[in-house]
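Written out below as structure tokens is the structure these notes cover.
To find a chain, count down the sequence lines: A is the first, B the second, and so on, and within it residues start at 1. This one's a predicted model, so the numbers in the text were calculated from it and none came from an experiment.
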Protein chains: 2
Amino acid sequence: MENRIQRIKEALQEAQYKLTPQREVTVKVLLENEREHLSAEDVFLKVKDKYPEIGLATVYRTLELLSELKILDKINFGDGVSRYDLRKEGAKHFHHHLVCMECGAVEEIEEDLLEDVEKIVEKEYNFKVLDHRLTFHGICGNCQSKKD
Amino acid sequence: MENRIQRIKEALQEAQYKLTPQREVTVKVLLENEREHLSAEDVFLKVKDKYPEIGLATVYRTLELLSELKILDKINFGDGVSRYDLRKEGAKHFHHHLVCMECGAVEEIEEDLLEDVEKIVEKEYNFKVLDHRLTFHGICGNCQSKKD
DNA sequence: CTGCTTGCAAAAGTTTTGCATGTAC
DNA sequence: GTACATGCAAAACTTTTGCAAGCAG
């Protein structure tokens, strides 16, 4: 965890961005809540606990910056807000999501699963795939058993 | 085309919704621009050409209604707006998209391609898949050749 | 007729921007 | 010291809602 903070800091510096305490706290919050899919507002509130002077605009600016550096991925599950998800270290591609239409739970899938599909797309559609977004909508195990 | 309008009308009636001229014009616009991925504002402007008295709120309400009936799918490519895409007739699942990061063009893929992946998800993650969203981000054929 | 629909305007909510001030390098 | 960052407030957008009036069935 300390390692990952360190590496993100280095990425910021390499890209000529300053290491401000606000950015540091924001990164920390993102790492501590890696399994959640926080909205900008969510991040803002959690950062505010550790650093009360922060402004919402700064959080937005930091999230945008981290997305630009491909440390974060911005994702949208269809409710009105953008959510942010840390990219797994070393992952070439964004991971996938399972959204339960019953309870709203979001699970992550780290397996790639799309290698074959991407090959087909590159060949048949002459499209160079650089990244993807895949979300399944359905019923999670929990809600399935509740129905029985 | 006339057929599809007819069938959409029937779907509305079956669900006890009224056939207002505003709804009719909106459906027509959607059919005429099937290859585009129109935002609510886009639809509003095109409907306004044929039916100037229409209000933006009515368009939003109609789009929501058609989504509910699974005639439309709401999709989000990461710019700030929701876009709407007609579901292909008879398609169980939403089709996929190729978004070019260079020129912004959006191409559609109607092949399913995900059957195997969905089987894995159902088995390994105990998740009943009902629908999916798959978008590839990359470089389209056109932009690839421009670079040479 | 009756209840669903509409148009308008206002409201709600998210995200962006301008600007004076602050601060990492 | 200088250029980049920040906080605040205002602005810009998209989407939703309340309500009186309209109209499809």
### Query
Nearest nucleotide by nearest heavy atom, which residue falls closer to the 5' end of DNA chain D, A/Pro21 or B/Gln13?
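Upstream on the strand: A/Pro21.
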Gap between atoms [atom1] and [atom2], on [X] and [N] respectively (whole Å):
X: A/Lys48; N: D/dC8; atom1: NZ; atom2: C1'; answer: 11 Å
X: A/Leu12; N: C/dA24; atom1: CG; atom2: P; answer: 14 Å
X: B/Leu38; N: D/dT15; atom1: CG; atom2: P; answer: 13 Å
X: A/Leu65; N: C/dT15; atom1: CG; atom2: C1'; answer: 16 Å
X: A/Asp79; N: D/dT14; atom1: CG; atom2: P; answer: 18 Å
X: A/Tyr17; N: D/dT6; atom1: OH; atom2: P; answer: 12 Å
X: B/Glu64; N: D/dT14; atom1: CD; atom2: C1'; answer: 14 Å
X: A/Lys74; N: C/dT14; atom1: NZ; atom2: P; answer: 14 Å

Side-chain N or O of [X] less than 4.0 angstrom from OP1 or OP2 on [N]?
X: B/Arg23; N: C/dT5; result: yes
X: B/Ser82; N: D/dT15; result: yes
X: A/Thr20; N: D/dT6; result: yes
X: A/Gln22; N: D/dG7; result: yes
X: B/Tyr60; N: D/dT15; result: yes

### Stepwise side-chain contact (heavy atoms from CB on, under 4.5 Å) test for B/Leu66 and B/Val27
CA-CA 9 Å; B/Leu66 294 173; B/Val27 167; 4.1 Å; yes
### Query
Between B/Ala57 and B/Gln16, which has a closest nucleotide on DNA chain C that is more 5'?
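On the 5' side of the pair lies B/Gln16.
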### Message
Classify the ring geometry of B/His37 against B/His97: parallel below 30°, tilted from 30° to 60°, perpendicular beyond 60°.
### Response
perpendicular
### Message
Parallel, tilted or perpendicular, judged at 30° and 60°: which one describes the rings of B/His132 and B/His96?
### Response
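B/His132 vs B/His96 ring planes: tilted.
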### Query
Taking atom NZ of B/Lys88 as the centre, does the number of heavy atoms from other residues, nucleotides or ligands within less than 6.0 Å exceed 12?
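Atom NZ in B/Lys88 is packed in, count exceeds 12.
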Over all strands shown, is [X] touching base, sugar-phosphate only, or nothing at heavy-atom distances under 4.0 angstrom?
X: B/Leu56; value: base
X: A/Pro52; value: nothing
X: A/Glu53; value: sugar-phosphate
X: A/Tyr51; value: sugar-phosphate

### Task
Check every atom of C/dC25, D/dT14, D/dC19 against the side chain of B/Arg61 and return the nucleotide holding the closest atom.
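Closest nucleotide to the B/Arg61 side chain: D/dC19.
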### Message
I'd like to know whether A/Phe77 forms a side-chain contact (heavy atoms from CB on, under 4.5 Å) with B/Asn76, so could you lay out the CA-CA distance, the side-chain angles of the two residues, the decisive distance to 0.1 Å, and finally the verdict.
### Response
CA-CA 9 Å; A/Phe77 291 126; B/Asn76 199 299; over 6 Å; no
